[in-house]
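Contents: one structure, followed by commentary.
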Amino acid sequence: MSLLHTQGLTKQFGGLVAVDEVSFAVDSGETRAVIGPNGAGKSTLINCITGALDPTAGSVEFDGDDITDRSPHETVQSGISKSFQTASIFPTMTVRENVQIAALASEHGSFRFDFLNRLSGFDGVHETTDRMLESVELLGDADVEAGSLPYGDKRRLEIAIALASEPKLLLMDEPTAGMSPDETAATVDLVEQLQDELDLTILIVEHDMEIIFQIADRILVLNRGGVIADGTPTAVQDSEAVQEAYLGGVEL
Amino acid sequence: MMILQSQIASILLNGLQQGAIYALLGIGLTIILGTMEFLNLAHGALYLVGAYTGLIVFQETALTNGLLYNSGITSIGFEGGFLAAIVLVPIVGFAVGLLMERFVAEPFYDRPETDQLLVTFGLALILEETVKNVIGGNTFQSIAPSTVFGVNVSQPVSLPLVGLFPSWRLIIIGFAFAVIGLTYLAIERTDFGLVVQAGTRDSEMVRLLGIKINRSYSLVFALGAALAAFAGLIGASIQTVSPQIGTTQALVPAFLTIVVGGAGSVRGAIAGGLVLGVILSAMTQTYSQWAQIVLYLFVALMLIFRPEGLFGTAEVGE
Amino acid sequence: MTGDPADDAAGAVPDGGTVAGETAGGSGGSALAGLRERDDFVVIGMAAALVAFPFLLIDVLGGVGDAVGLSVGGYSGLPSLVLIYGIVVIGFNLLLGYTGLLSFGHAAFFGSAAYAAGLFSQVVPSPILMVVVGTLVATLLAWPIGFVSIRRSGVYFAVLTLTFGQALYFWALGPGSWLTDGDDGFSGIEADGLFLGALPLDAEPIPMLDSYTVMYAFTAVVMLVGVWAANRIVNSPYGLILEALGENEERVEFVGLNVFRYKLMAFMISAVFAGVGGAMFVIHEQYIHPTTGLYWIQSGDFVIMTVLGGTGSLVGPVLGALVFEYVANVVSGVSLPVVGSIGSLWRFVLGAVFVFIVWVFPRGIYGAFADLARYATGGGGGSGGEEPAAADGGERE
């Protein structure tokens, strides 16, 4: 039942242990959150899963395969996609092209020699692109230059790009960072809607506790690289270790 | 046996001189690259400036073509001697560095990498063409001082193992390493050096800490330029001087030095420079046709098997 | 203050509607995409231009020159030479303008193809096969060079390509001179006619129009094929991917594409174009020397031509090649009013214009014409046309 599973995942930078023997699982269809104070190792953990960093020790298993040593593009092709904290888009290309490239990668794999084939002939790609654009309500802006979008739209484009890879697992790295309450609510709605529509499993790194408790099925709490709590929102809320770690921090 | 030993000693000695040049270039490049992340393809042009300035200060040089020649000036130079050159060349380099930083580098700090590369390449081209057209495109003989500090150094000295070795070259090697040593101390022991070191590790952090990095930028750039110019002077004493040396003798080796030594490391630049200098010297004395090629292949291998260089922390070029 | 997010390029020319500022390393947009996608339109348009070209360059300019007393007309080999370099820079721009990789070593592919073609001609004196062989050699060379160089980015990539180019130069001059004739230059090229000598290259088949030689026709055909191929590439998935690489490399990796292999492909494709150019060059000049074919200055010239023409479009660089070769070959020999003869300063002048374009007007000469055309036809502001901007190599956070 677990789609993603890490075992003793460790990442060390010289003397600093950023991720310390983290073992946890994400079940198919659930929304899993990873929280923790600044510097807890959340981003590093995500980077180890996506392949952006090579773990010092431990393993990552996804959908039955060991993906520990896979490069980022291989991981995406395996079915994990990440949406970036700051919208990582292609500014001078059109909104459509931004999503198209992810859809293309999903359809034809990490590399092909098809430099003489017409892009316009890839029907599946175009259909997926339009579908994604519609889900994030950017279809009307499809031919606009991506860099000229307002910031909120850029974030939605970011999510569309991540989704166009047609992942089984979507990693979201602080999707509401820096957003106003309205934008945050809209994003949460979008995420919930997408989850229903696309039958997605989500692993979300977040600081905003309200969101977490609203949408998360289970929460993993990290502090100083190690796991200090792992369970349902209620269980985590009651955990002393968590309360200690967040002393003076965000309200629970 | 004795012959082989003396050959090795000669290779090492020549390697030291060449290595000193590379080290000077590498240090200058690495502190600029590390502190400001400014990609400077004009670093070789500073070497060119140093070489020609040295030539002009050092002796009266006959001209055979170029704008100056065409307007009647048949020779330029001051007969200043080598000491004057040693003093003036770094100063000129420093000044040119300040100008470059202010007028070329600064406007491009926020521009994308490719633009920095292109504009500095253009600048190097313009400088090279200027030299070629004004002073002349021909090749000048290398500098060989006959007296230094009033002492006659034109007589070769008999060294153990090596045999006869021009004494002025020993002196030049001495000067070069003195400068390298001073620079190393300056970076390791002074406050300014600390800023440079911190800057090469994390310039963002240094900026956030409120340290007046902009003034430091100018100084770092000018220092790097002065070192490159000085390297040009040294280079002019062992090799001929012509407009292309900026790229072939300086730019390429400078980058190769920091690839081998490790980006952001002064120690690495020194070590890398010496290693490459000795390799080049060894090849030049044995299979000279292959000298440059072996050098380049060595660096390629370094890149494949040890991308962070000898002393680097992060991978070069990441 | 430094340290601001790299959204605004300081000093960029404000140009209604572009957001992220413009750089010389920029890549093409997709406004004329509809028309450009139709291969036949591109090929026919190009063919028309190619037919008119020698007439304009040699005869028309020559006439103008006669009228004003300056010899500003092109000489008879110039149109072919421009096209030859044009082929090289079209490919080079796929690497620079689209993918955002700046190579200073493409002379290696140009020169190696030239030598290989020249040597091959002594076995089979067929220009067409010479091009095939030369291009193959260049492509084979591009694989290892690209493989090692692409592992590093930015300036290290640039200097590495420069290094490998120089290595080849020194080899040709020294250890390889048994093959290349070293410093004497290689002149034993045995091909002077197409189709087994039936059609001599210097023949002028059209009476009274002696600007049109068989060589030019040959070059024009090769150019057409090159433009067609480049257009297909740009309209294929590669067009999208390479452009994305130039904008945000990290994201391309994170949508699941193998960035390294695509960069290597871009590198090799550009080497193919350089190889074709090199082989054509040796056919045209009947001579090749390490300094013309392999020296870093030649690599630098490719960069200058491409940027001069404008990196934002497919054929813009060809304009850069035209201007470059025209200045180098014609303007340098002319005594202009006011400034006199610029003679050997031509490279200095081109260098200065190059710096100007990088600094202030990255869209290059082609971009300038496109702007003018838009202005003249009453097109509005906004970033229509093909050009806009910022490729910022993806390494900035």
Side-chain angles (χ1 to χ4, degrees), chain A residues 50-52 71-94 96-122 125 143-149 158 161-162 164-167 171, chain C residues 5 7 17-23 26-31 33-34 37 39 94 228-262 264-266 269 312 382-383 387-392 394 397:
Chain A
T50 60
S71 55
H73 69 264
E74 287 172 333
T75 312
V76 174
Q77 293 293 340
S78 311
I80 303 180
S81 183
K82 171 179 150 178
S83 84
F84 285 66
Q85 187 177 338
T86 45
S88 182
I89 60 174
F90 306 106
T92 73
M93 294 166 75
T94 66
R96 168 169 279 126
E97 285 171 332
N98 268 259
V99 177
Q100 217 171 48
I101 194 166
L104 183 73
S106 167
E107 167 141 334
H108 89 0
S110 66
F111 179 79
R112 279 234 200 123
F113 283 104
D114 51 4
F115 47 84
L116 289 178
N117 294 355
R118 290 180 207 271
L119 183 61
S120 47
F122 284 76
V125 170
D143 294 311
V144 169
E145 198 175 286
S148 63
L149 289 176
E158 169 66 36
I161 297 176
S165 307
E166 300 187 290
L171 298 174
Chain C
D7 281 340
T18 54
V19 174
E22 302 184 338
T23 74
S27 60
S30 49
E37 266 228 22
D39 290 344
L94 287 174
W228 172 86
N231 197 50
R232 280 298 282 255
I233 292 172
V234 164
N235 287 317
S236 77
Y238 271 64
L240 195 66
I241 296 171
L242 295 186
E243 195 180 335
L245 279 175
E247 301 234 332
N248 188 345
E249 197 179 296
E250 187 191 24
R251 198 65 172 100
V252 175
E253 176 81 19
F254 278 89
V255 302
L257 292 169
N258 190 329
V259 166
F260 185 81
R261 288 188 77 178
Y262 275 105
L264 187 55
M265 279 305 288
I269 290 174
S383 53
E387 317 328 308
D392 89 359
E397 315 270 23

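To find a chain, count down the sequence lines: A is the first, B the second, and so on, and within it residues start at 1.
Between atom CG of residue A:Leu104 and atom OG of residue A:Ser165 there is a gap of 10.5 Å, rounded to the nearest 0.5 Å. To the nearest 0.5 Å, atoms CG (C:Asn258) and NE2 (A:His73) are separated by 3.5 Å.
Comparing A:Ala105, A:Ser81, A:Ala164, A:Pro72 by heavy-atom pairs within less than 4.5 Å of chain C, the highest count is held by A:Pro72. Of the listed residues C:Val259, C:Val252, C:Ile233, C:Leu240, the one with more heavy-atom pairs under 4.5 angstrom with chain A than any other is C:Leu240.
Interface remark: A:Glu158 contributes backbone and side-chain atoms alike to the contact with chain C (heavy atom separation under 4.5 Å). Residue contact with chain C, scored on non-hydrogen atoms closer than 4.5 Å, involves the backbone and the side chain of A:Ser88 alike. Of the two parts of A:Ile80, neither the backbone nor the side chain holds a non-hydrogen atom closer than 4.5 Å to a non-hydrogen atom of chain C. For A:Glu74, no part lies near chain C; criterion is any non-hydrogen pair under 4.5 Å.
When side chains are defined from C-beta on, C:Leu245 does not count as touching C:Leu257, because their heavy atoms never get closer than 4.5 Å. Side chains of A:Arg96 and A:Asp143 form a contact here, defined as non-hydrogen atoms less than 4.5 Å apart.
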Give the table of side-chain donor-acceptor pairs shorter than 3.5 Å for residues 108-116 of chain A, with sequence neighbours excluded, one pair per line with atom names and distance.
residue: A:His108; atom: NE2; partner: A:Asp114; partner atom: OD2; Å: 3.4

